[in-house]
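First the structure, in the form of structure tokens, and then the observations on it.
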Amino acid sequence: LIPALLLVSAIFVDEVLDIGLDAMDKPTFGEARAYATVFFGSCCCKGLTTATVEKVFIVFFEGLPLLMALLVALLNDKTYMYKHAMRGYCLGGLIFAFTLAIIHIIGHIYITANPKRDAKAEDLVNNIGHVGKFKVVELDPVEEDEIENKFVRAKRHLLRGAFYFTALGGVELVVILLFIFWHKFWLIFVGQLVATVL
């Protein structure tokens, strides 16, 4: 169970790092907002715009830490209220970051599985505005030959992903077998590093 948990945590940390780099990019959180727009627009909220996603994003980005700061400060000892407020603010930011990371991971998987959704997300990433501008991006209809080319690329990407997944499974199996027979922590650590690189 430990190798699987290490692998899942490595994937999660990789996506959180991706979101962190996206947060420092211009426009800020452009990829995360574009993926959320396409993901929720395709799943449950038809006609969802980038401006609506941006408003929800700002409310949760600013509001959740402040709400948690207020709740934790009011529910604890009043003597050190400022300390509890700062602790609650950090907790709210952590909850927001985890929620955004999980939405980003699920959205990333959902979007890249379909060439049309991938083309929409790519178009949004290239045309999305800065946070606070509430720019509504009109999605251009994607040409059929462009979709066909994306489908060929997606098929190659899927085959490459299947190869790497198989190689990853082999590395995990070797790590588990080595750990069963030799009980050395450094073996599992090196194996997980190789699995993370794959």
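What's counted below: heavy atoms across the whole structure, side chains too, no hydrogens, waters or symmetry copies.
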- What's in the same ILVMFWY side-chain cluster as Tyr89, cut-off under 4.5 Å, chained through other members?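 Joined to Tyr89, directly or through intermediates: Leu66.
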Ignoring hydrogens, what is the shortest heavy-atom contact between [X] and [Y]? Give both atom names and the distance.
X      : Y      : value
Ala36  : Val53  : CB-CG1, 4.0 Å
Ala85  : Ala69  : O-CB, 3.2 Å
Ala121 : Ala34  : O-CB, 4.1 Å
Asp22  : Ala32  : OD2-N, 2.9 Å
Phe96  : Leu64  : N-CD2, 3.8 Å
Val16  : Ala101 : CG2-CB, 3.7 Å

Could you measure the distance from the [atom1] atom of [X] to the [atom2] atom of [Y]? Nearest 0.5 Å is fine.
X      : Y      : atom1 : atom2 : value
Glu54  : Thr52  : CD    : OG1   : 10.0 Å
Asp14  : Ile19  : CG    : CD1   : 10.5 Å
Leu71  : Asn76  : CG    : CG    : 10.5 Å
Leu100 : Ile105 : CG    : CD1   : 10.0 Å
Glu31  : Asn126 : CD    : CG    : 10.5 Å
Met86  : Met81  : CE    : CE    : 14.5 Å

Co-membership, hydrophobic cluster, residues [X] and [Y], 4.5 Å side-chain:
X      : Y      : answer
Ile109 : Phe39  : yes
Val59  : Val56  : no
Met24  : Ile128 : no
Val13  : Ile103 : no

- Test ring-ring contact (aromatic ring centres under 6.0 Å, His included) on Tyr35 and Tyr110 and set out the steps. CA-CA 9 Å; Tyr35 278 13; Tyr110 180 76; over 10 Å; no
- Walk me through it: do Glu15 and Asp18 pass the test side chain to side chain contact (heavy atoms under 4.5 Å, CB included)? CA-CA 5 Å; Glu15 289 295 327; Asp18 188 31; 4.0 Å; yes
- Task: Measure up the Phe61 and Phe57 rings against each other and bin them: parallel (under 30°), tilted (30 to 60°), perpendicular (over 60°).
- Result: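 Phe61 vs Phe57 ring planes: parallel.
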- Item | Exam field: side chain Arg33 to backbone Thr28, donor-acceptor pair closer than 3.5 Å |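 Looks like yes, one N/O pair under 3.5 Å.
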- Query: With a 4.5 Å heavy-atom cut-off, do Arg87 and His84 have their side chains touching?
  - Reply: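 When only atoms from C-beta onward are counted, His84 and Arg87 do touch, with a gap below 4.5 Å.
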- Neighbour count above 12 (heavy atom, 6.0 Å) for Phe12 CZ: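 Atom CZ in Phe12 is packed in, count exceeds 12.
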- Let me see the working for Thr99 and Phe60 under side chain to side chain contact (heavy atoms under 4.5 Å, CB included), right down to the final yes or no. CA-CA 10 Å; Thr99 307; Phe60 279 102; over 6 Å; no
- Which residues satisfy the salt bridge (Lys or Arg N to Asp or Glu O under 4.0 Å) test with Arg117, sequence neighbours excluded?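 By the salt bridge (Lys or Arg N to Asp or Glu O under 4.0 Å) rule, Arg117 matches no residue at all.
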